[in-house]
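Just below is one structure, and these are the notes that go with it.
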Amino acid sequence: LVQSDDGATIVRVQSFADEPTRVAISFDRNLARAVSSTFLGDERGDLEFDGGTVYLPLERFEAAAAKVIALPSEMTRSEG
């Protein structure tokens, strides 16, 4: 995990699977935006997300990054 200059969080992942897969990464708050990015944070395209979980498709043995922006803390997911 890396914090970018614009306040977003960049998650870097590496697939060791021998076939394409989809990774679900969950956060403790709802997301406002999620994009595929370079490791340095340059945006590449929108990613699917639902609440506090982003879904990152990975090709076999691919290294990838997701850049996420959370909603303000008063809008966090309720615990239950």
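Looking only at side-chain heavy atoms (C-beta outward), V68 and F27 come within less than 4.5 Å of each other. S15 has its side chain out of reach of V23: every pair of non-hydrogen atoms, C-beta onward, lies at least 4.5 Å apart. In this structure the side chain of V13 reaches within 4.5 angstrom of the side chain of L58, judged on heavy atoms. The shortest side-chain heavy-atom distance between T9 and V2 does not fall under the 4.5 Å cut-off.
Here the closest heavy-atom approach between residue Q14 and residue A63 is recorded as OE1-CB, 3.3 Å. Pairing each heavy atom of F61 with each of F16, the nearest pair is CE2-O, 3.5 Å.
Note on L40: it does not cluster hydrophobically with V35, by side-chain heavy-atom contacts below 4.5 Å among ILVMFWY residues. The hydrophobic clustering, which links ILVMFWY residues whose side-chain heavy atoms are closer than 4.5 Å, places V54 and L1 together. Hydrophobic clustering, with ILVMFWY side chains joined whenever heavy atoms are under 4.5 angstrom apart, groups L31 together with I25.
Residues satisfying the side-chain contact (heavy atoms from CB on, under 4.5 Å) test with E19, not counting sequence neighbours, are none.
Remark: side-chain polar atoms of K67 are paired, donor with acceptor, to backbone N or O of G41 under 3.5 angstrom. No donor-acceptor distance shorter than 3.5 angstrom exists from the side chain of R29 to the backbone of A70, with no hydrogens or angles considered.
Distance OG1/T53 to CD/E48: 10.5 Å, rounded to 0.5 Å. Note that CD1 of I69 is 9.5 Å distant from CZ of F49, once rounded to the nearest 0.5 Å. One distance of note links CG of L47 with OH of Y55; it measures 12.0 Å at 0.5 Å rounding.
Among pairs with a residue in residues 34-45, those fulfilling side chain to side chain donor-acceptor pair (under 3.5 Å) read R33-E43, at least two apart in sequence or across chains.
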